[in-house]
Amino acid sequence: MSTLQTELQALANPEKAIALARYFKTGKGEYGEGDRFLGITVPVQRQLAKKYRNLEFSEIAQLLAGEWHEERLTGLLILTYQLPKANSEKQQAIIDFYLAHTKAVNNWDLVDISCRPILGKYLLSRDRQILYQLAQSSNLWEQRIAIVTTGELIKNHSYEDTLAIAQILLNHPHDLIHKAVGWMLREVGKQDRQVLVNFLDQYAPQMPRVMLRYAIEHFEQPQRQEYLMQKGFISLTSAGK
């Protein structure tokens, strides 16, 4: 066991661990089935990740292979702190390492805390084909990585990959993907409302309810109701109340 793993275990909070296990759906048949928690808050893990930010890949791999959720999250945070100060060769190594360990990025918080600061920033000036490979994966978490990573591109006024991946995932069966796609579409709308409206006018009839609701969250009430009525999610009578 590494020194960092020992420090993490010393910070365990069994009561909080039970609550986290429920929150992250670790029961039988749920998306986080079998995951185990120590019960450590993210701010505390960030402090530890900064303290150990110079760990070698072999040590980070040990964390990502760990049995505790917090080990994996802290390992991923270390990568997010290493990337900005790395030279181009080291950055490529971090990206390769991250993509080789996506099986460890196996819950939505692990995806969301790592993919944008690692993969998103790296892809700003590079080919983005890897996102399409991830979107077409059979792995739920790789698919979520694909769409959430585009949040970094959206911040830089690049929307085409978000829209294209949203189309790929439009009929996905899982609500964690519906939420992620809707979230990223909403972020597009914050930057350029017309781009989002154009997408919705074409694809809203196919969108799952949660995806659509997330996407239009910041619309004015009449425009939200119009899209929801198109889908039959609300009636004309209820919209007028």
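All values derive from a computational prediction rather than experimental measurement. Scope of the values below: all heavy atoms of this structure, side chains included, with no hydrogens, waters or symmetry mates.
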message = Can a donor-acceptor pair be found, under 3.5 Å and without considering hydrogens, that links the side chain of Arg144 to the backbone of Leu176?
response = yes

query = Is it true that atom CD of Gln129 has more than 12 heavy atoms of other residues, nucleotides or ligands lying nearer than 6.0 Å?
reply = yes

query = Would you find more than 12 non-hydrogen atoms of other residues, nucleotides or ligands less than 6.0 Å from Tyr23 atom OH?
reply = no

request  = Answer yes or no for Arg126 and Tyr122: cation-pi contact, defined as NZ/CZ to six-membered ring centre under 6.0 Å and angle to ring axis within 45°.
outcome  = yes

ask   = Hey, what's the ring geometry for His157 with Tyr159, parallel, tilted or perpendicular (30° and 60° as the breaks)?
value = perpendicular

ask   = Between Gln191 and Val188, is there a donor-acceptor pair closer than 3.5 Å when you use the side chain of the first and the backbone of the second?
value = no

ask   = With the threshold set at 4.0 Å, does a side-chain nitrogen-carboxylate oxygen contact exist between Asp175 and Arg209?
value = no

query = With no hydrogens and no angle check, is any side-chain donor or acceptor of Thr26 less than 3.5 Å from a backbone partner on Ala21?
reply = yes

ask   = Should the ring pair His69 and Phe37 be called parallel, tilted or perpendicular, given that the plane angle runs from 0 to 90° and is split at 30 and 60?
value = parallel

inquiry  = We want to know whether Gln5 and Ser2 form a side-chain donor-acceptor pair, criterion being a heavy-atom distance below 3.5 angstrom.
reply    = yes

task = Would you confirm whether Arg36, through its side chain, and Trp68, through its main-chain N or O, come within 3.5 Å as a donor-acceptor pair?
result = no

message = Are the side chains of Met184 and Ile154 in contact, using a 4.5 Å heavy-atom criterion?
response = yes

request  = Could you tell me whether the side chain of Gln136 and the main chain of Gln133 form a donor-acceptor pair under 3.5 Å?
outcome  = no

message = What I want to check is whether the side chains of Asp201 and Tyr227 have a donor and an acceptor closer together than 3.5 Å.
response = yes

